[in-house]
Amino acid sequence: MPEGHTTHALAGRLNRAFAGSPVAVSSPQGRFGDGAALLDGLTLVEASAWGKHLFVEFAGERWLDVHLGLIGTFSVTGMPDGHAPVTGQVRLRLLNHRWVADLRGPTVCALLTPDKVDQIRDRLGPDPLRRDADPDLALTRISRSARPIAELLMDQAVLAGVGNVYRCEVLFRHRVDPFRPGREIRAATWQAIWDDLVALMPLGVAFGQILTMDDQVGDALVEVADGSSAVHTEAVTGARPGDRFERRFYLYKRTGEPCRVCGSRVRTQLVAGRNLFWCGRCQRRR
Ligand SMILES: [Zn+2]
């Protein structure tokens, strides 16, 4: 499911395919017909991401806001023969002579004024994938809150881009008790979580899949450093997750299975509307 790494990878793909030239914009399904007509033929200036929001700026200060939600996809694929038949419910299509991008099933697909874009950004917490992010803004909100840290990590006004998989896995990686109130979380613990997300999430962008297990993270870092990850980055279209690495996690969706560290059973409970997975024995820190 899309977390911040998905949105950032998508912004990169859209920029490589479309930025700097006019784009044909349509809504084959019809639900974004009026908005598409206002963008059709304009130059795509730049796509950017903040957390799970994708902002696409077109000439004339027209902005498109896309949020994929839980099931949305936005694929960007090459068209060697110039043909791209529409399949399924395509809310939005971007097209030039070489590329086609199809958006399906988003929670949000809307035209915005620049003011409205600023309002949305102002409401979002820092995004570990943005260079301008300030982790202290998140710490301020966490340290004043009685809500559990597992809930705060999912609150996009506290921290932008982290979804359920990164939440569960990063809390386990630092052995943090997910039910500790934010105000009891040590500043050093928060900094370690933040630094880890800053290291892990770019690997999600590079490979199109969430990597949190130390062996896979180690291999992925080597491939990013030596440049061999580029072929995998280019192969991911956004239609489905990358497959360079076996899909496995410390805890995510492993309810009842043994913890990979201590062997006690992985537990689950609904927190912030999504199933939190945790190990009651390993995760005691605050
Ligand atoms: Zn354990």
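When a ligand or atom number is given, it counts from 1 through the structure's own listing order. For reference, positions follow the sequence shown, starting with 1.
Separation of atoms CZ (R265) and SG (C279) is listed at 12.0 Å; rounding is to 0.5 Å.
Y252 does not carry R254 over the face of its six-membered ring by the limits of under 6.0 Å from the centre and within 45° of the normal. Judged by the 6.0 Å distance and 45° axis criteria, R121 is positioned over the aromatic ring of F55.
For the Zn ion (ligand 1), the neighbouring protein N/O/S atoms at less than 2.8 Å, given as residue and atom, are C259 SG, C262 SG, C279 SG, C282 SG.
Contacts of L124 classified as side chain to side chain contact (heavy atoms under 4.5 Å, CB included), with partners at least two apart in sequence or in another chain: W50, H53, I120, Q156, A160.
Taking 4.5 Å as the limit, some side-chain heavy atom of L54 sits within range of a side-chain heavy atom of V56. Looking at S264 and P258, their side chains never come closer than 4.5 Å, going by heavy atoms from C-beta outward.
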